[in-house]
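Residue numbers run from 1 in the order of the sequence given. All values below come from the heavy atoms of this structure, side chains included, with hydrogens, waters and symmetry mates left out.
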Amino acid sequence: THFFLYYICKIKQAFMHRLALIMIAVVPILRCSTSTPANSSKNLKDNVLENNPLQGTYWYQGKAEVNSYSLTQARYGQLHQGEAVCIFVSEDFNASKLVKSDDPLAAGADRQPVLKLNMLKRFNTGIYTYSLMLSAFSAVGDKVPLYPLKVSCTVQDWCGQVFSQLNNRNDQFEINSFSYFESEGDQRKILEAGWSEDGLWNQIRIDPEKLPIGSLKLLPGFFYLRLRHWPMDFLEATASQRALNDSIMDYTVRYPSENRELVIRYKKAYPFQITGWTETYLDGENLLKTHAELRKSLMTDYWTKHNVAD
């Protein structure tokens, strides 16, 4: 009897030891599978699909381009000092679910490489703070739509917060918007897919030669629409492009009905880094100009730098 119990105990110990080894191997995978962004996956080359215009080493080195800007933001008829950050990074997207793919190799035909922009703005108005964040996902490849696959936006201040999301599905923009204002509340709208101002930033980085030029209908940027409390609809616009000098280009969008102008400056050479922008419109009774100037840029795997020492 003692020998039998001893034998059972040894079997149990061996089983628990093997289980512990399995957990040690699996848990880190589970922890990273949903938190590791972009193409920091174990096989970067597999992320670079055929006919992908971003397949150079710049966007596929397992890092993101992080750009810091000094910001002067128009609000309440005055100009306020703040800061802006634009983070560009390549990722694998699930084209059906319209979310970042957790397992690109298992996504099959739904796997779609994208360039993602995360834009953040932070500024004070008087004693309280505004925090804005926008995410835009644009497909890359030979035969992909030039319109963004997804755009999401949040705006927070001490009064409350609003959230808006656009999903490009079946050649339609499915837009959902949520606000603490009674007049806005919860809204859902379907629009025919088209050019979106929030997608222009990515298009500059992917291929500025394919930017729209001339007269067009354009969905204004979510930051502008949310701060102005305007409805999410396409507006008549004109777009133009010019060389400022040998190294810098200007891309200008004008909305006649809004008396608004957006000018994005970028480097003429690949990878077409955005060096700043201006946005002019009537705020209250004053025609004010928001402007941002590039302060610093770096390539970094920021998602690994979350410790106090970093």
Side-chain angles (χ1 to χ4, degrees), residues 69-84 86 119-134 136 151 153-164 166 173 175 177 179-185 187 189 191 194-201 204 211-242 244 250-266 274-293:
Y69 301 83
S70 59
L71 174 70
T72 302
Q73 177 69 45
R75 188 69 175 146
Y76 301 125
Q78 297 179 322
L79 295 174
H80 308 272
Q81 300 305 305
E83 60 181 359
C86 289
M119 177 185 286
L120 301 95
K121 289 184 176 182
R122 193 176 182 88
F123 58 93
N124 288 336
T125 57
I127 67 170
Y128 67 95
T129 302
Y130 269 78
S131 297
L132 295 73
M133 182 171 180
L134 176 105
V151 178
C153 167
T154 60
V155 177
Q156 304 97 29
D157 60 51
W158 284 11
C159 297
Q161 59 183 314
V162 296
F163 171 75
S164 302
L166 176 157
F173 284 169
I175 300 176
S177 184
S179 171
Y180 65 93
F181 287 106
E182 180 182 4
S183 59
E184 296 173 345
Q187 300 182 42
K189 178 173 287 189
L191 300 174
W195 283 106
S196 161
E197 180 184 309
D198 291 326
L200 298 176
W201 306 81
I204 288 174
L211 287 166
I213 301 296
S215 299
L216 73 157
K217 288 189 175 181
L218 187 63
L219 182 65
F222 275 13
F223 280 168
Y224 176 77
L225 292 175
R226 292 300 80 211
L227 290 177
R228 302 286 287 173
H229 305 288
W230 278 178
M232 293 194 173
D233 283 310
F234 285 89
L235 295 177
E236 297 291 337
T238 61
S240 60
Q241 201 172 31
R242 63 169 182 152
L244 270 185
D250 257 2
Y251 182 71
T252 301
V253 174
R254 293 184 177 90
Y255 298 88
S257 64
E258 299 290 294
N259 195 18
R260 175 173 175 250
E261 178 186 81
L262 172 67
V263 181
I264 306 173
R265 293 193 312 276
Y266 64 93
I274 292 173
T275 61
W277 65 88
T278 62
E279 182 185 8
T280 307
Y281 59 87
L282 195 65
D283 191 302
E285 297 180 354
N286 302 317
L287 190 66
L288 298 180
K289 180 180 289 187
T290 292
H291 58 88
E293 299 291 337

Please report, to 0.1 Å, the donor-acceptor pairs under 3.5 Å made by any side chain of residues 213-226, with sequence neighbours excluded.
unit_1: Tyr224; atom_1: OH; unit_2: Glu258; atom_2: OE1; d: 2.7
unit_1: Arg226; atom_1: NH2; unit_2: Trp230; atom_2: O; d: 3.2

Evaluation steps, salt bridge (charged side-chain N to carboxylate O under 4.0 Å, His left out), between Glu236 and Arg254: CA-CA 9 Å; Glu236 297 291 337; Arg254 293 184 177 90; over 6 Å; no

Please step through side-chain contact (heavy atoms from CB on, under 4.5 Å) for the pair Gln241 and Asp250, ending with a clear verdict. CA-CA 6 Å; Gln241 201 172 31; Asp250 257 2; over 6 Å; no

Report the C-alpha distance between Tyr69 and Trp277 in whole Å, list the side-chain angles of each, state the deciding distance to 0.1 Å, and finish with yes or no for side-chain contact (heavy atoms from CB on, under 4.5 Å). CA-CA 10 Å; Tyr69 301 83; Trp277 65 88; 3.9 Å; yes

Begin with the C-alpha distance, continue with both residues' side-chain angles, and end with the deciding distance and a verdict on side-chain contact (heavy atoms from CB on, under 4.5 Å) for Leu227 and Leu132. CA-CA 10 Å; Leu227 290 177; Leu132 295 73; 4.0 Å; yes

Gln161 vs Thr154, test: side-chain contact (heavy atoms from CB on, under 4.5 Å). Steps then yes/no. CA-CA 7 Å; Gln161 59 183 314; Thr154 60; 5.9 Å; no

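Of all heavy-atom pairs between Ala292 and Arg265, the closest is O-NH2, 4.0 Å. The two residues Pro212 and Ala239 have their closest heavy-atom pair at O-CB, 3.3 Å. In terms of heavy-atom proximity, Val151 sits nearest to Leu134 at CG1-CD1, 3.8 Å. Contact between Ile204 and Tyr266 at its shortest, heavy atoms only, is CG2-CG, 3.6 Å.
With hydrogens and angles disregarded, no donor-acceptor distance shorter than 3.5 Å links the side chain of Arg75 to the backbone of Phe123. A donor-acceptor pair is defined here as one N or O able to donate and one able to accept, closer than 3.5 Å; such a pair exists between the side chain of Asp157 and the backbone of Cys159.
Side-chain atoms of Arg122 and Ser131 form a donor-acceptor pair, as typed in the model, at a separation below 3.5 Å. No side-chain N or O of Glu279 forms a donor-acceptor pair with one of Thr290 less than 3.5 Å apart.
Considering only heavy atoms from C-beta on, Tyr251 stays 4.5 Å or farther from Val263 through its side chain. With contacts defined as side-chain heavy-atom distances shorter than 4.5 Å, the pair Val155/Cys153 qualifies. Proximity of Phe181 to His229: side-chain heavy atoms (C-beta onward) are separated by under 4.5 Å at one or more points.
Under the ring pair (Phe, Tyr, Trp, His ring centres under 6.0 Å) criterion, Tyr180 pairs with no residue, sequence neighbours left out. For His80, there are no ring pair (Phe, Tyr, Trp, His ring centres under 6.0 Å) partners two or more places apart in sequence or in a different chain. Tyr281 is linked by a side-chain hydrogen bond (donor to acceptor under 3.5 Å, both in side chains) to nothing, counting only residues two or more places apart in sequence or in another chain. Under the side-chain hydrogen bond (donor to acceptor under 3.5 Å, both in side chains) criterion, Thr125 pairs with no residue, sequence neighbours left out. Looking at residues two or more places apart in sequence or on another chain, you find no side-chain hydrogen bond (donor to acceptor under 3.5 Å, both in side chains) involving Arg228.
Checked options Asp283, Leu282, Leu288; the residue passing with Asn286 is Leu288 (criterion: side-chain contact (heavy atoms from CB on, under 4.5 Å)). Exactly one of Gln78, Gln81, Lys121 qualifies for a side-chain hydrogen bond (donor to acceptor under 3.5 Å, both in side chains) with Gln73. That residue is Lys121.
Distance OG/Ser164 to CD/Gln187: 8.5 Å, rounded to 0.5 Å. Atom-to-atom distance recorded for Ile175:CD1 and Lys189:NZ is 7.0 Å, nearest 0.5 angstrom. Between Met232 atom CE and Leu191 atom CG the span is 10.0 Å, to the nearest 0.5 Å. Leu262 CG to Thr278 OG1: the interatomic distance, rounded to the nearest 0.5 Å, is 7.0 Å. In this structure, CG on Leu166 lies 11.0 Å from OG on Ser177, to the nearest 0.5 angstrom.
Note: Phe234 and Phe173 have parallel aromatic rings, judged against thresholds of 30 and 60 degrees for the angle between ring planes.
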